[in-house]
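To start, the structure under review is shown below, and the notes come after it.
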Amino acid sequence: MKIAYLGPKGSFSHHVVQTAFPHEELEPFSNITDVIKAYEQGLVDYSVVPVENSIEGSVHETLDYLFHQARIQAVAEIVQPIHQQLMAVPGQSKFKKIFSHPQALAQGKKFIDEHFPDAQLEVTASTAYAARYVSEHPNQPFAAIAPKSSAEEYGLELVAQDIQEMEANFTRFWVLGPNLPQIPLDADTEKMSLALTLPDNLPGALYKALSTFAWRGIDLTKIESRPLKTALGEYFFIIDVDYSEKELVHFAQKELEAIGIHYKTLGAYPIYMIKDQGRRAYE
């Protein structure tokens with residue numbers, strides 16, 4: 001079985017797929033869209049993509065592609081504790097440029113502003129790509145923000161550890177595929193994610209949509225708006241709902257349809273948590 005993930009080796013995505021699919025063939029891709037397309041094109045059996053970080057919020061590339069283009073659903077969610085490390089070629093201590101994924105740069109911004117205020121921030125497709133790029137330019141005053149595993153993979157030295165702004169830092173990853181695979185982790189609760197499109201001629205449409213869940217006592221764990229990409233001021237809404245009472249959720253979906261609110265199911269899935277065995281266990 002082949003599993004696509006956001007590479008290269010040493011990324012947080014790499015650690016997640018290694019943990020969830022320890023005996024399968026892992027295929028790295030250079031960006032999130034290509035990871036999803038790999039499943040759509042039949043190149044892999046499952047794709048694993050980041051969907052939300054507890055500090056920086058949703059990964060829009062994932063959600064927008066799944067809503068606008070993909071016909072694939074999340075069948076499992078894996079939550080990964082995140083610790084960010086600043087790394088460089090051994091001997092380097094002054095940096096003109098710091099490379100990383102936008103989420104990681106944002107998570108470490110406070111540390112960078114305090115310790116390297118003159119460094120130019122450079123965006124890469126993933127944290128591991130940043131580490132690899134720095135290792136390929138050993139004579140340049142470059143640094144990367146990435147997991148500890150990236151330092152080990154690319155021969156870099158840790159300059160500063162755990163530089164993320166908040167200690168409680170987690171990223172949700174979705175496993176996209178045809179059905180729930182065997183994952184050697186303990187499952188927690190179940191959720192369903194829906195993308196709602198509201199009709200223009202329905203007053204209080206969002207209120208009515210949310211009420212279909214509220215009056216049934218179904219918890220909403222997330223609501224977020226994203227541009228519909230049709231006209232300025234038009235949005236679709238992503239909601240995550242508790243899926244432990246499946247029949248109640250299905251009744252709520254039928255009521256949405258009855259009142260003219262369209263939705264796309266992004267996934268219904270159990271949640272697996274990778275245990276954080278200490279602040280530096282995974283990085």
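Reckoned from all heavy atoms, side chains included, excluding hydrogens, waters and symmetry mates. For clarity, every value in this text was computed on a predicted model and none was experimentally measured.
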Rounded to the nearest 0.5 Å, what's the gap from [atom1] on [X] to [atom2] on [Y]? Could you check?
| X | Y | atom1 | atom2 | answer |
| --- | --- | --- | --- | --- |
| Thr197 | Leu256 | OG1 | CG | 11.0 Å |
| Leu194 | Phe236 | CG | CZ | 12.5 Å |
| Lys222 | Ile239 | NZ | CD1 | 11.5 Å |
| Leu196 | Leu210 | CG | CG | 7.5 Å |
| Ser126 | Ile32 | OG | CD1 | 9.5 Å |
| Ile261 | Phe237 | CD1 | CZ | 10.5 Å |

More than 12 heavy atoms of other residues, nucleotides or ligands under 6.0 Å from [atom1] of [X]: yes or no?
| X | atom1 | result |
| --- | --- | --- |
| Lys109 | NZ | no |
| Lys9 | NZ | no |
| His262 | NE2 | no |
| Phe251 | CZ | no |
| Lys110 | NZ | no |
| Asp186 | CG | no |
| Gln41 | CD | yes |

**OP:** Could you point out which residue of Gln80, Gln107, His83 forms a side chain to side chain donor-acceptor pair (under 3.5 Å) with Asn169?
**Re:** Gln107
Subject >> Worked check of side chain to side chain contact (heavy atoms under 4.5 Å, CB included) between Leu26 and His14 >> reply: CA-CA 8 Å; Leu26 309 180; His14 185 225; 4.3 Å; yes
Original post:
Does the pair Met1 and Phe21 meet the rule for a side chain to side chain contact (heavy atoms under 4.5 Å, CB included), with working shown?
Top reply: CA-CA 9 Å; Met1 190 162 67; Phe21 301 96; 4.1 Å; yes
Original post:
Should Tyr272 and Tyr46 be regarded as members of a common hydrophobic cluster, given that ILVMFWY residues are connected when their side-chain heavy atoms come within less than 4.5 Å of each other, either directly or indirectly?
Top reply: yes
**OP:** Kindly determine whether Glu224 and Ser58 satisfy side-chain hydrogen bond (donor to acceptor under 3.5 Å, both in side chains), including the steps that lead there.
**Re:** CA-CA 9 Å; Glu224 177 183 0; Ser58 294; 2.4 Å; yes
Is it true that the side chains of [X] and [Y] contain a donor and an acceptor less than 3.5 Å apart?
| X | Y | value |
| --- | --- | --- |
| Gln120 | Glu122 | yes |
| Glu257 | Tyr263 | yes |
| Tyr5 | Ser47 | no |
| Gln69 | Asp64 | no |

Original post:
Where do Gln85 and Asp162 land on the side-chain hydrogen bond (donor to acceptor under 3.5 Å, both in side chains) test, with the steps shown first?
Top reply: CA-CA 5 Å; Gln85 324 297 334; Asp162 297 342; 3.2 Å; yes
Original post:
Any ion pair linking Arg71 and Glu40 (charged N to carboxylate O, less than 4.0 Å)?
Top reply: no
Subject >> Ion pair check, Glu77 and Arg172, cut-off under 4.0 Å >> reply: yes
**OP:** Cation-pi check, Lys246 to Tyr243: give yes when NZ or CZ is under 6.0 Å from the six-membered ring centre and within 45° of the ring axis, no otherwise.
**Re:** yes
**OP:** List the steps and the verdict of side chain to side chain contact (heavy atoms under 4.5 Å, CB included) for Phe116 and Ile98.
**Re:** CA-CA 9 Å; Phe116 303 98; Ile98 297 176; 4.2 Å; yes
Non-hydrogen atoms of [X] and [Y] that approach each other most closely:
| X | Y | answer |
| --- | --- | --- |
| Glu190 | Pro270 | CG-CA, 3.9 Å |
| Ala76 | Ile183 | CB-CD1, 3.8 Å |
| Tyr129 | Ala125 | CD1-CB, 4.1 Å |
| Gly10 | Pro147 | O-CG, 3.4 Å |

**OP:** Find out whether Glu61 and Asn31 are in side-chain contact, i.e. whether some heavy atom of one side chain is under 4.5 Å from a heavy atom of the other.
**Re:** yes
**OP:** Please confirm whether Phe142 and Phe95 have ring centers closer than 6.0 angstrom.
**Re:** no
Original post:
Do Thr171 and Glu52 pass the side-chain hydrogen bond (donor to acceptor under 3.5 Å, both in side chains) test, and can you show the C-alpha distance, the side-chain angles, and the key distance before you say yes or no?
Top reply: CA-CA 6 Å; Thr171 295; Glu52 183 179 25; over 6 Å; no
**OP:** Please step through side chain to side chain contact (heavy atoms under 4.5 Å, CB included) for the pair Asp219 and Val241, ending with a clear verdict.
**Re:** CA-CA 6 Å; Asp219 287 338; Val241 304; over 6 Å; no
